[in-house]
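Worksheet: the structure to be examined is printed underneath.
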Amino acid sequence: MAWLVLILAGLFEVAWAVGLKYTHGFTRLVPSLWTLASMVASLGLLGLALRSLPLGTAYAVWTGIGTIGTALLGIVLFQESTEAMRLACIALILLGIVGLKLVTP
């Protein structure tokens, strides 16, 4: 269950990271509120996951999910680079997350 909570926390991290782009420096009300709510949800869920997962593993997975999701949405929503080396690096982050899951009880 802690892993599911951690994944959800990571998805909310993606939401607030992408949301920051839409706030235009927190000058737009609705995107700003969504971003702030996503931040609270992400940190709250991370805190719950930390009750039973090791800190280093949970934090690395949380930021990894956020990094991968934000990078992929940057590609889809903002036409960011799809250069092969960039995609390979994103894949390496995913490999690291999977590796941490495999070695963490």
Side-chain angles (χ1 to χ4, degrees):
M1 186 64 165
W3 282 99
L4 183 59
V5 170
L6 183 59
I7 291 168
L8 191 55
L11 294 175
F12 274 107
E13 184 186 4
V14 174
W16 72 255
V18 173
L20 281 173
K21 181 82 168 169
Y22 289 103
T23 68
H24 292 272
F26 291 100
T27 60
R28 300 168 106 190
L29 181 61
V30 173
S32 296
L33 292 174
W34 169 252
T35 299
L36 291 171
S38 295
M39 286 177 176
V40 169
S42 181
L43 288 171
L45 291 167
L46 175 61
L48 288 174
L50 284 172
R51 289 181 177 176
S52 57
L53 293 174
L55 172 63
T57 299
Y59 186 76
V61 170
W62 179 67
T63 58
I65 291 169
T67 302
I68 292 168
T70 302
L72 293 177
L73 284 177
I75 291 168
V76 172
L77 298 174
F78 307 114
Q79 292 73 48
E80 294 178 1
S81 170
T82 57
E83 182 180 336
M85 185 58 85
R86 185 170 194 248
L87 296 176
C89 290
I90 293 169
L92 287 172
I93 296 168
L94 179 60
L95 191 62
I97 291 171
V98 171
L100 285 171
K101 169 60 175 126
L102 292 175
V103 300
T104 303

Residues A58 and L50: closest non-hydrogen pair is CB-CD2, 3.5 Å
So OG1 of T67 and CH2 of W62: to nearest 0.5 Å the spacing works out to 10.0 Å
- Message: Under a 3.5 Å threshold, yes or no: a donor from one side chain and an acceptor from the other, between W3 and T104?
- Response: no
For L100 and A60, the nearest pair of non-hydrogen atoms, with its separation, is CD1-CB, 3.6 Å
Nearest heavy-atom approach of I75 to R86 is CG1-NH1, 3.3 Å
d(I68 CD1, I97 CD1) to nearest 0.5 Å is 4.0 Å
Q. When clusters are formed by joining ILVMFWY residues with side-chain heavy atoms under 4.5 Å apart, either directly or through shared neighbours, do L94 and L73 land in the same one?
A. no
Nearest heavy-atom approach of G66 to E13 is CA-OE1, 3.6 Å
Same cluster or not: are L8 and I65 linked, directly or through other Ile, Leu, Val, Met, Phe, Trp or Tyr residues, by side-chain heavy atoms under 4.5 angstrom apart? no
Rounded to the nearest 0.5 angstrom, the CG-CG distance for L46 and L6 is 6.5 Å
CG (L20) and CE (M39) are apart, to the nearest 0.5 Å, by 4.5 Å
Rounded to the nearest 0.5 angstrom, the OG1-NZ distance for T70 and K21 is 12.5 Å
Query raised in the report: Should Y59 and L43 be counted in the same cluster of Ile, Leu, Val, Met, Phe, Trp and Tyr side chains packed under 4.5 Å apart?
Result: yes
**Request:** Run the numbers on L53 and V61 for side chain to side chain contact (heavy atoms under 4.5 Å, CB included), then give the verdict.
**Result:** CA-CA 11 Å; L53 293 174; V61 170; over 6 Å; no
Are Y22 and V14 co-members of a hydrophobic cluster defined by side-chain heavy atoms under 4.5 Å apart?
yes
One should read off an interatomic distance between L72 CG and T82 OG1, to the nearest 0.5 angstrom, of 11.0 Å
Between A49 and A2 the two heavy atoms that sit nearest each other are CB-O, 3.7 Å
- More than 12 heavy atoms from other groups under 6.0 Å of CH2 on W34: no
_Test of understanding: clusters of I, L, V, M, F, W, Y form through side-chain heavy atoms closer than 4.5 Å, transitively. Do V76 and I93 belong to the same one?_
no
Test side-chain contact (heavy atoms from CB on, under 4.5 Å), reference W16, set T35, T23, L36, output is T35
Is there a donor-acceptor pair closer than 3.5 Å between any side-chain N or O of T57 and the backbone N or O of P54?
no
